[in-house]
There are 2 protein chains.
Amino acid sequence: MIRVERVIHGRPYIETKDGPRFKPCAPNSVLARLGDKWTILVMSHLAVAPGHRLRFSTLKGGIEGITQRMLTLTLRNLERDGLLVRHYFPEVPPRVEYELTEMGASMLPALEGFTSWIRENWPRIVDCRHAYDEAQQRAEDQDAPV
Amino acid sequence: MIRVERVIHGRPYIETKDGPRFKPCAPNSVLARLGDKWTILVMSHLAVAPGHRLRFSTLKGGIEGITQRMLTLTLRNLERDGLLVRHYFPEVPPRVEYELTEMGASMLPALEGFTSWIRENWPRIVDCRHAYDEAQQRAEDQDAPV
DNA sequence: CAGGATCCCAACTGATACTG
DNA sequence: CAGTATCAGTTGGGATCCTG
């Protein structure tokens, strides 16, 4: 069986007799990180901050509903990926600042392109969800009419 | 307290005395969907398919490791968001095809911009993770040396 | 101030079996 | 073929309490 490796829409895949088969999506783990509950909000704050730099308490105060634990975890994960760096000042009380790395900042345009699409289409998505849910509801009502 | 609503980097936020406070990120639910384990793979397959259209079994065969259940759930969620439509043919055996909607197809360029950034920076991210994990390991070894 | 350590519940995911 | 139903394992996220 011949397996030719190609690239389309920028994605590598293997052409088989059953159609294209994409290789297991490694970069998916990046999207998984960004898709979690708080990461985008953290990145957005740093994006608009002077010097792409903010301290822990400012982030916590600026993100409604985030707990200390989740902010810490989110920042650790971003630091692990090399998207931001942690600056620790051993004063009393201690002060910690987080700053986007060059790589972190380089992600902003791509991120912006995506969120911009979301903003434009969000109302329509909401409508679709409602329509779908109501159609679903009507179907159930018909299956079990009281 | 004065609260001025502004927009920066395309994101709406409120200027407060403590800095910018972003509104709870509604569109996050879109990124959360895309960040799950299979959605991007499904979208990629439909993106390169003729007519942006594929049948269930083709998708299942083209995505390594996906179970019937997870493919069904993924497709249902995308359908609910209006990104694809389901075409059911009541034959025996039944045949079902999934096709990107106009809105679904309009997302592809933005998605491509993002995944392209990921591809370019992925090796570096992997390096950062390894470096971080090893530094972490060394720190633990020092705390508890045998 | 900036977290680390625990506990706990809900949601996501997968394996398996069954069906129109 | 293209699902649905059920059960079980794992993970994510929040609440709470404690500390250098």
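Worth knowing before you read on, the calculation uses all heavy atoms, side chains too, and leaves out hydrogens, waters and symmetry mates. Sequence lines set the chain letters: A, B, ... in the order given, protein chains first and strands last, and positions in each chain run from 1. This structure is a prediction, so every number in the text was calculated from the model and none was measured.
In this entry the distance linking OH of B/Y88 with P of D/dA2 reads 10 Å, nearest Å. In this entry the distance linking CE of A/M70 with P of C/dG4 reads 13 Å, nearest Å. The distance between atom CD1 of A/I66 and atom P of D/dG14, rounded to the nearest whole Å, is 8 Å. The CG atom of B/L75 sits 11 Å away from the P atom of D/dA2 (whole-angstrom rounding). When the C1' atom of C/dG20 is taken as reference, atom CD of B/Q68 falls 14 Å away, rounded to whole Å. Atom NZ of A/K60 and atom P of C/dG4 are 15 Å apart (whole Å). To the nearest angstrom, C1' of D/dG12 lies 12 Å from CZ of A/R33. The nearest whole Å value for the distance from the CZ atom in B/F56 to the P atom in C/dG20 is 18 Å.
Backbone-only engagement by A/R55 is indicated by non-hydrogen atom pairs under 4.0 Å involving sugar-phosphate atoms exclusively. When heavy atoms are screened at a 4.0 angstrom cut-off, B/Y98 is found touching the sugar-phosphate backbone but no base atom.
Distances shown here put every side-chain N or O of B/R69 at or beyond 4.0 Å from the OP1 or OP2 atom of D/dT6. Using a 4.0 Å cut-off, some side-chain N or O of B/K37 falls inside it from OP1 or OP2 of C/dG14. Within the 4.0 Å cut-off from OP1 or OP2 of C/dG4, not a single side-chain nitrogen or oxygen of A/T72 is found. Here B/S57 reaches the OP1 or OP2 of D/dA2: one of its side-chain N or O atoms lies under 4.0 Å away. Using a 4.0 Å cut-off, some side-chain N or O of A/R76 falls inside it from OP1 or OP2 of C/dG3.
A/H45 has its side chain out of reach of A/V42: every pair of non-hydrogen atoms, C-beta onward, lies at least 4.5 Å apart.
Each of B/P94 and B/L73 has a nearest nucleotide on DNA chain C; the 5'-most of these lies closest to B/L73.
One hydrophobic cluster, built from ILVMFWY side chains closer than 4.5 Å, holds both B/V126 and A/M107.
Exactly one of A/V85, A/L84, A/L46, A/L54 qualifies for a side-chain contact (heavy atoms from CB on, under 4.5 Å) with A/E99. That residue is A/V85.
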Between A/E97 and A/R55, is the salt bridge (charged side-chain N to carboxylate O under 4.0 Å, His left out) condition met? List the steps.
CA-CA 4 Å; A/E97 295 181 357; A/R55 59 183 299 181; 5.9 Å; no

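Counted within 6.0 Å of NE2 on A/H87, heavy atoms from surrounding residues, nucleotides or ligands total more than 12; the atom is thus considered enclosed.
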